[in-house]
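Encoded as structure tokens, the structure appears first; notes follow it.
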Amino acid sequence: MSNQPYRTALVTGASSGIGAAIVGRLREAGIEVHAVARDKDRLARLADETGCIPHALSVSDRDGMADLLGTLDVDILVNNAGQSRTGNITNTTPDDIDALVDVNLRAVLQLTHLVVPGMIRRDRGHIVNISSIAGHYAFAGGNTIYHATKAGVHSLSQQLRCDLYGSHVRVTEISPARVETEVFGRLIGDMEEAKRRFFDEYESLLPVDIANSVAFAVLAPQRMNVSFMEVLPTMQVVGGLNFAKKSADPA
């Protein structure tokens, strides 16, 4: 392990995909990792594979998370847990809105609120927020609520740097584009169909790419804060313009 001072990390959404890859990468760096997710069985397998400490818990359970964090001096908090939905603001449901806000934004705010005071007291710590290019760009087909929650995470990451000015607590936002994970299968209800539709004919990021990005920021010298990292597949670009045709004049 490098001379960096971090000893203990907590990673949310850790049972699969990006979260599991981050857990493995931080364990490789010699850091004790507490892995949080709802899937107890997957967490147990991850613990066997990596030596992490599993906690079957929802990030939306603030009291449960507060009890857990009350027993730990967390040096690295990786806010990775997230959900997505299909549709947009015109055809979403109140339950979908609540679920996305609760997991993607409210839980991030609550967990950050729980760990930052201890980091400031110790003058040591690192908040890593996994956001999305959906928080920075508008594009057709994206879920509006999801975009809004990720924009909130982006704003939080920027403002935290102001709140922590004068301390050695660092903040990193990592904003991935398309990553090959199970989230696409859950969106359409069929992982094989999702693989065919989204990945087979495209060059996408893999969870390990995001895990390596986290490690780069976390293991960097303490004088250096990687505040924002946008990670895209080489064969993908964002932005562009879309124009709708004029409606025909009424007769």
Side-chain angles (χ1 to χ4, degrees), residues 2 4 6 9-31 33-37 39 42-43 46 49-50 52 59 74-84 103-105 107-108 111-112 126-137 139 142 146-147 149-154 156-158 160 170-187 191 194-195 198-199 202-220 224-238:
S2 71
Q4 59 82 27
Y6 303 145
L10 187 144
V11 180
T12 68
S15 61
S16 64
I18 293 172
I22 293 171
V23 169
R25 185 64 184 85
L26 294 181
R27 287 294 299 137
E28 289 174 4
I31 297 170
V33 180
H34 293 261
V36 174
D39 194 319
R42 281 190 166 186
L43 282 178
L46 184 65
E49 294 168 2
T50 67
C52 71
V59 292
V74 173
D75 294 321
I76 305 165
L77 171 63
V78 182
N79 285 309
N80 169 71
Q83 293 189 8
S84 188
V103 174
N104 294 0
L105 184 55
V108 174
L111 291 181
T112 303
H126 203 139
I127 304 292
V128 180
N129 292 327
I130 308 298
S131 62
S132 167
I133 62 167
H136 319 294
Y137 305 98
F139 44 83
Y146 179 81
H147 280 242
T149 59
K150 291 301 184 179
V153 172
H154 173 62
L156 166 67
S157 303
Q158 293 183 315
L160 269 177
R170 302 188 293 184
V171 181
T172 297
E173 177 191 357
I174 295 180
S175 179
R178 183 179 294 179
V179 183
E180 189 167 344
T181 69
E182 294 177 3
V183 67
F184 291 90
R186 289 194 291 269
L187 278 175
M191 190 58 203
K195 187 174 182 298
F198 297 112
F199 301 120
Y202 302 96
E203 184 179 81
S204 301
L205 298 170
L206 297 178
V208 67
D209 300 322
I210 308 307
N212 285 333
S213 300
V214 171
F216 175 78
V218 166
L219 301 177
M224 171 179 164
N225 189 124
V226 181
S227 61
F228 177 75
M229 189 185 302
E230 187 175 272
V231 187
L232 291 85
T234 302
M235 299 296 288
Q236 181 183 12
V237 296
V238 292

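The structure presented is a predicted model; accordingly, all values stated were derived computationally and were not measured.
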Side chain proximity check, Val33 to Thr50, heavy atoms < 4.5 angstrom: no
Val153 side chain near Asn104 side chain, heavy-atom distance below 4.5 Å: no
Distance-only polar pair, side chains of Glu173 and Ser131, donor-acceptor under 3.5 Å: yes
Thr172 and His126: side chain donor to acceptor below 3.5 Å: yes
Residue pair Ile130, Val214: steps toward the side-chain contact (heavy atoms from CB on, under 4.5 Å) verdict: CA-CA 9 Å; Ile130 308 298; Val214 171; 4.0 Å; yes
Nearest non-hydrogen partners of [X] and [Y], listed with the distance:
| X | Y | answer |
| --- | --- | --- |
| Gln236 | Arg178 | OE1-N, 3.7 Å |
| Leu26 | Val11 | CD1-CG2, 4.1 Å |
| Ala177 | Pro233 | CB-CD, 3.7 Å |
| Ser213 | Met229 | CB-SD, 3.4 Å |
| Val23 | Cys52 | CG1-CB, 3.6 Å |
| Ile31 | Arg27 | O-NH1, 2.9 Å |

Could you tell me the separation between the [atom1] atom of [X] and the [atom2] atom of [Y], rounded to the nearest 0.5 Å?
| X | Y | atom1 | atom2 | value |
| --- | --- | --- | --- | --- |
| Leu46 | Asp39 | CG | CG | 10.5 Å |
| Ile127 | Thr112 | CD1 | OG1 | 5.0 Å |
| Phe228 | Gln158 | CZ | CD | 8.5 Å |
| Ile174 | Ile22 | CD1 | CD1 | 7.0 Å |

Exceeds 12 heavy-atom contacts within 6.0 angstrom, atom CE of Met224: yes
Within 6.0 Å of CZ in Phe216, more than 12 heavy atoms from elsewhere: no
Counting distance only, does the side-chain N/O of [X] pair as donor-acceptor with the main-chain N or O of [Y] below 3.5 Å?
| X | Y | value |
| --- | --- | --- |
| Asn225 | Arg170 | no |
| Ser175 | Ile133 | yes |
| Thr12 | Asn80 | yes |
| Asp209 | Leu206 | yes |

Verdict with reasoning, Leu156 to Asn129, per side-chain contact (heavy atoms from CB on, under 4.5 Å): CA-CA 9 Å; Leu156 166 67; Asn129 292 327; 4.2 Å; yes
Stepwise side-chain contact (heavy atoms from CB on, under 4.5 Å) check, Arg25 with Val208: CA-CA 8 Å; Arg25 185 64 184 85; Val208 67; over 6 Å; no
Residue list, side chain to side chain contact (heavy atoms under 4.5 Å, CB included) with Ser132, at least two apart or on another chain: Ala134, Tyr146, Lys150
